[in-house]
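Here is the structure we will look at.
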Amino acid sequence: MTNDRPRPLPRSFYARPTVEVARDLLGKVIRHGELSARIVETEAYLGVDDAAAHSARGPTPRTGVIFGPPGRAYVYLIYGMYYCLNIVAEPAGVAGCVLIRAVEPITAITGDTVKAYNGPGKLTRAMGITLEHYGVDVTRGPITIHMPPDRERIAIGVSPRVGIRQSADLPLRFFIQGNRFVSRAASREPRR
DNA sequence: AGTTCGATCGCCT
DNA sequence: GGCGATCGAACTG
(Lines give C-alpha, C1' and ligand atoms only; values in the text may rest on other atoms or scores of the structure.)
Protein backbone atom coordinates (compact mmCIF):
# COMPACT_ATOMS: atom_id res chain seq x y z
CA MET A 1 0.00 0.00 0.00
CA THR A 2 1.06 3.57 -0.47
CA ASN A 3 -0.15 4.58 2.96
CA ASP A 4 2.31 3.36 5.58
CA ARG A 5 0.99 3.47 9.11
CA PRO A 6 3.81 3.06 11.59
CA ARG A 7 2.91 1.77 14.98
CA PRO A 8 1.85 4.27 17.60
CA LEU A 9 4.26 5.00 20.44
CA PRO A 10 4.09 2.16 23.00
CA ARG A 11 2.42 2.50 26.37
CA SER A 12 5.84 2.42 28.05
CA PHE A 13 6.52 5.84 26.50
CA TYR A 14 3.76 7.32 28.66
CA ALA A 15 4.45 5.29 31.82
CA ARG A 16 7.17 7.71 32.90
CA PRO A 17 7.44 10.92 34.91
CA THR A 18 5.06 13.54 33.51
CA VAL A 19 7.79 16.08 32.83
CA GLU A 20 9.75 13.58 30.75
CA VAL A 21 6.67 12.71 28.75
CA ALA A 22 5.88 16.40 28.20
CA ARG A 23 9.36 17.08 26.84
CA ASP A 24 9.52 13.95 24.73
CA LEU A 25 6.13 14.55 23.12
CA LEU A 26 7.63 17.60 21.36
CA GLY A 27 8.22 16.74 17.71
CA LYS A 28 6.03 13.64 17.82
CA VAL A 29 3.18 13.24 15.34
CA ILE A 30 -0.43 13.18 16.48
CA ARG A 31 -2.94 11.70 14.06
CA HIS A 32 -6.72 11.75 13.94
CA GLY A 33 -8.28 10.31 10.83
CA GLU A 34 -6.53 11.79 7.82
CA LEU A 35 -5.12 14.71 9.80
CA SER A 36 -1.61 14.59 11.21
CA ALA A 37 0.35 17.25 13.00
CA ARG A 38 3.60 17.67 14.86
CA ILE A 39 3.39 18.53 18.54
CA VAL A 40 5.26 21.79 19.18
CA GLU A 41 4.10 22.92 22.65
CA THR A 42 3.10 21.02 25.79
CA GLU A 43 2.53 21.57 29.50
CA ALA A 44 3.00 19.10 32.34
CA TYR A 45 0.36 18.83 35.08
CA LEU A 46 1.63 16.85 38.02
CA GLY A 47 -0.35 14.60 40.28
CA VAL A 48 1.17 15.86 43.50
CA ASP A 49 2.50 19.22 44.60
CA ASP A 50 0.70 20.93 41.74
CA ALA A 51 -2.39 22.83 42.83
CA ALA A 52 -3.05 23.87 39.23
CA ALA A 53 -3.67 20.29 38.10
CA HIS A 54 -7.26 19.11 37.75
CA SER A 55 -6.19 15.96 39.56
CA ALA A 56 -4.97 17.91 42.60
CA ARG A 57 -8.00 17.03 44.75
CA GLY A 58 -8.34 13.40 43.91
CA PRO A 59 -10.29 11.54 41.24
CA THR A 60 -13.75 12.70 40.15
CA PRO A 61 -15.94 11.56 37.25
CA ARG A 62 -14.28 14.24 35.16
CA THR A 63 -10.66 13.62 36.16
CA GLY A 64 -10.74 9.89 36.78
CA VAL A 65 -8.84 8.98 33.62
CA ILE A 66 -5.82 10.94 34.87
CA PHE A 67 -5.41 8.37 37.66
CA GLY A 68 -5.72 5.40 35.34
CA PRO A 69 -3.35 3.72 32.89
CA PRO A 70 -1.01 5.90 30.82
CA GLY A 71 -1.51 6.71 27.16
CA ARG A 72 -5.18 7.66 27.45
CA ALA A 73 -6.73 10.97 26.41
CA TYR A 74 -8.04 13.34 29.07
CA VAL A 75 -10.35 15.73 27.23
CA TYR A 76 -12.32 18.40 29.04
CA LEU A 77 -14.58 21.32 28.20
CA ILE A 78 -13.26 24.72 29.22
CA TYR A 79 -15.09 28.04 29.33
CA GLY A 80 -18.14 26.27 27.97
CA MET A 81 -16.85 26.36 24.44
CA TYR A 82 -13.43 24.81 23.92
CA TYR A 83 -11.97 21.37 24.41
CA CYS A 84 -8.46 20.72 25.69
CA LEU A 85 -6.55 17.51 24.97
CA ASN A 86 -4.21 15.94 27.51
CA ILE A 87 -2.32 12.66 27.41
CA VAL A 88 -2.17 10.69 30.65
CA ALA A 89 1.35 9.95 31.95
CA GLU A 90 2.81 7.98 34.88
CA PRO A 91 2.02 4.34 35.71
CA ALA A 92 -1.59 3.39 36.47
CA GLY A 93 -2.59 4.66 39.90
CA VAL A 94 -0.34 7.73 39.71
CA ALA A 95 -1.83 11.01 38.48
CA GLY A 96 -0.17 13.13 35.83
CA CYS A 97 -0.97 14.38 32.34
CA VAL A 98 0.37 16.49 29.50
CA LEU A 99 -1.66 19.26 27.88
CA ILE A 100 -1.14 19.57 24.13
CA ARG A 101 -0.97 23.33 23.60
CA ALA A 102 0.00 23.69 19.94
CA VAL A 103 0.67 21.56 16.88
CA GLU A 104 2.05 22.13 13.39
CA PRO A 105 -0.12 20.45 10.77
CA ILE A 106 1.73 18.21 8.35
CA THR A 107 -0.94 18.26 5.69
CA ALA A 108 -2.86 21.18 4.20
CA ILE A 109 -0.69 24.04 5.39
CA THR A 110 -2.13 27.28 4.12
CA GLY A 111 -1.72 30.95 4.92
CA ASP A 112 -4.03 31.20 7.89
CA THR A 113 -3.34 27.75 9.25
CA VAL A 114 -1.18 29.03 12.09
CA LYS A 115 -3.99 30.66 14.00
CA ALA A 116 -6.09 27.51 13.64
CA TYR A 117 -3.54 25.33 15.44
CA ASN A 118 -1.54 27.57 17.79
CA GLY A 119 -3.57 27.08 20.97
CA PRO A 120 -5.03 24.22 23.02
CA GLY A 121 -8.65 25.12 22.26
CA LYS A 122 -7.94 25.72 18.60
CA LEU A 123 -6.06 22.57 17.70
CA THR A 124 -8.82 20.36 19.09
CA ARG A 125 -11.38 22.18 16.99
CA ALA A 126 -9.16 21.93 13.90
CA MET A 127 -8.55 18.20 14.43
CA GLY A 128 -12.11 17.31 15.39
CA ILE A 129 -11.31 16.30 18.97
CA THR A 130 -14.20 16.57 21.45
CA LEU A 131 -15.49 15.03 24.68
CA GLU A 132 -16.37 11.87 22.76
CA HIS A 133 -12.62 11.18 22.80
CA TYR A 134 -12.44 11.19 26.60
CA GLY A 135 -10.47 8.11 27.61
CA VAL A 136 -9.35 7.18 24.08
CA ASP A 137 -6.20 5.03 24.10
CA VAL A 138 -3.66 6.84 21.95
CA THR A 139 -1.71 3.61 21.50
CA ARG A 140 -4.80 2.24 19.71
CA GLY A 141 -6.91 5.01 18.19
CA PRO A 142 -8.85 6.76 16.81
CA ILE A 143 -6.34 9.35 18.02
CA THR A 144 -2.76 8.06 17.88
CA ILE A 145 0.74 9.44 18.45
CA HIS A 146 3.79 8.36 16.44
CA MET A 147 7.49 8.90 15.96
CA PRO A 148 8.12 11.59 13.33
CA PRO A 149 9.28 10.34 9.91
CA ASP A 150 12.49 12.34 10.21
CA ARG A 151 15.12 12.79 12.90
CA GLU A 152 15.04 16.56 12.90
CA ARG A 153 16.94 18.09 15.78
CA ILE A 154 14.88 20.45 17.89
CA ALA A 155 15.80 23.04 20.50
CA ILE A 156 13.46 22.84 23.48
CA GLY A 157 12.37 25.97 25.33
CA VAL A 158 11.07 25.88 28.91
CA SER A 159 8.92 28.41 30.75
CA PRO A 160 6.08 28.74 33.28
CA ARG A 161 2.65 27.54 32.20
CA VAL A 162 0.09 29.78 30.56
CA GLY A 163 -3.08 31.06 32.14
CA ILE A 164 -2.89 29.49 35.57
CA ARG A 165 -2.57 31.03 39.01
CA GLN A 166 -1.68 28.18 41.35
CA SER A 167 1.90 26.94 41.04
CA ALA A 168 2.43 29.59 38.38
CA ASP A 169 6.16 29.64 39.02
CA LEU A 170 6.87 26.06 38.01
CA PRO A 171 8.76 25.70 34.70
CA LEU A 172 6.44 23.09 33.22
CA ARG A 173 5.78 24.44 29.74
CA PHE A 174 7.86 23.05 26.91
CA PHE A 175 8.00 24.17 23.30
CA ILE A 176 10.07 23.89 20.15
CA GLN A 177 12.09 27.07 20.00
CA GLY A 178 11.46 29.14 16.90
CA ASN A 179 8.48 27.13 15.69
CA ARG A 180 5.86 29.52 14.38
CA PHE A 181 2.96 27.38 15.58
CA VAL A 182 3.91 27.82 19.22
CA SER A 183 1.10 29.76 20.88
CA ARG A 184 1.43 33.48 21.11
CA ALA A 185 1.36 33.49 24.89
CA ALA A 186 4.08 30.88 25.04
CA SER A 187 6.40 32.81 22.80
CA ARG A 188 6.50 35.75 25.18
CA GLU A 189 9.63 36.15 27.18
CA PRO A 190 9.12 34.94 30.74
CA ARG A 191 9.17 37.78 33.22
CA ARG A 192 11.72 38.12 35.91
C1' DA B 1 -30.12 25.60 44.95
C1' DG B 2 -27.23 29.29 43.96
C1' DT B 3 -22.66 31.14 43.00
C1' DT B 4 -18.15 31.28 41.35
C1' DC B 5 -14.74 30.81 38.08
C1' DG B 6 -11.66 28.37 34.92
C1' DA B 7 -5.15 24.69 31.72
C1' DT B 8 -9.49 29.85 26.11
C1' DC B 9 -10.28 32.69 22.32
C1' DG B 10 -11.55 36.60 19.53
C1' DC B 11 -13.13 41.05 19.43
C1' DC B 12 -13.15 45.64 21.53
C1' DT B 13 -10.90 50.00 23.07
C1' DG C 1 -5.14 45.39 28.22
C1' DG C 2 -10.14 44.23 29.01
C1' DC C 3 -14.20 41.62 28.44
C1' DG C 4 -18.03 38.53 26.85
C1' DA C 5 -19.29 33.90 25.27
C1' DT C 6 -21.15 29.63 27.51
C1' DC C 7 -20.85 25.34 30.38
C1' DG C 8 -20.15 22.35 34.20
C1' DA C 9 -17.40 21.14 38.27
C1' DA C 10 -16.55 22.52 42.75
C1' DC C 11 -17.76 25.04 46.57
C1' DT C 12 -21.06 27.54 49.79
C1' DG C 13 -25.24 27.58 52.45
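As the structure is a prediction and not an experimental result, all values here were calculated from the model. Naming: A, B, ... by sequence-line order, numbering from 1 per chain.
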Problem - Footprint string (nucleotides 8-13 of chain B, 5' to 3'): B base within contact, S backbone only, - free, heavy atoms under 4.0 Å - result: BSS---
Name every donor-acceptor pair, under 3.5 Å, that has one atom in a side chain of residues 51-61 of chain A and the other anywhere in the protein, sequence neighbours excluded.
{"from": "A/His54", "atom 1": "ND1", "to": "A/Tyr74", "atom 2": "OH", "distance (Å)": "2.7"}
{"from": "A/Thr60", "atom 1": "OG1", "to": "A/Arg62", "atom 2": "N", "distance (Å)": "3.3"}
{"from": "A/Thr60", "atom 1": "OG1", "to": "A/Thr63", "atom 2": "N", "distance (Å)": "3.2"}
{"from": "A/Thr60", "atom 1": "OG1", "to": "A/Thr63", "atom 2": "OG1", "distance (Å)": "3.1"}

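The separation between A/Leu77 atom CG and C/dC7 atom C1' is 6 Å, rounded to whole Å. If you measure from atom CD of A/Gln166 to atom C1' of B/dG6, you get 11 Å, rounded to the nearest angstrom. Between A/Leu85 atom CG and B/dA7 atom P there is a gap of 16 Å when expressed in whole angstrom units. In this entry the distance linking OH of A/Tyr134 with P of C/dA9 reads 10 Å, nearest Å. Remark: C1' of B/dG6 and CD of A/Glu43 are 14 Å apart, rounded to the nearest angstrom.
Near DNA chain C, meaning a heavy atom under 4.0 Å away, the residues from residues 54-67 of chain A are A/Arg57, A/Thr60, A/Arg62.
Counting only heavy atoms from C-beta outward, the side chains of A/Phe181 and A/Thr113 approach each other to under 4.5 Å.
Identified under the side-chain hydrogen bond (donor to acceptor under 3.5 Å, both in side chains) test for residues 75-92 of chain A, with sequence neighbours left out: A/Thr18-A/Glu90. Listed by first then second residue, pairs satisfying salt bridge (charged side-chain N to carboxylate O under 4.0 Å, His left out) with a partner in residues 153-165 of chain A read A/Asp50-A/Arg161, not counting sequence neighbours. Within the structure, salt bridge (charged side-chain N to carboxylate O under 4.0 Å, His left out) contacts touching residues 123-144 of chain A (residues at least two apart or in different chains) are A/Arg11-A/Asp137. Listed by first then second residue, pairs satisfying salt bridge (charged side-chain N to carboxylate O under 4.0 Å, His left out) with a partner in residues 12-26 of chain A read A/Arg16-A/Glu20, A/Arg16-A/Asp24, not counting sequence neighbours.
Under the side-chain contact (heavy atoms from CB on, under 4.5 Å) criterion, A/Ile154 pairs with A/Leu26, A/Glu152, A/Ile156, A/Ile176, sequence neighbours left out. Partners of A/Lys122 according to the side-chain hydrogen bond (donor to acceptor under 3.5 Å, both in side chains) rule, which considers only residues two or more places apart in sequence or in another chain, are A/Asn118.
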Completion exercise
Note, DNA chain C 5' to 3' with Watson-Crick or G-U pairs under 3.5 Å encoded as ( ), [ ], | and . gives |||||.||||||.
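Other residues, nucleotides and ligands place no more than 12 heavy atoms under 6.0 Å from the CG atom of A/Asp49.
Other cluster members for A/Val48: none, since no ILVMFWY side-chain heavy atom sits under 4.5 Å from it. Using a 4.5 Å cut-off between side-chain heavy atoms of Ile, Leu, Val, Met, Phe, Trp and Tyr, A/Tyr45 falls into a hydrophobic cluster with A/Leu99, A/Ile164.
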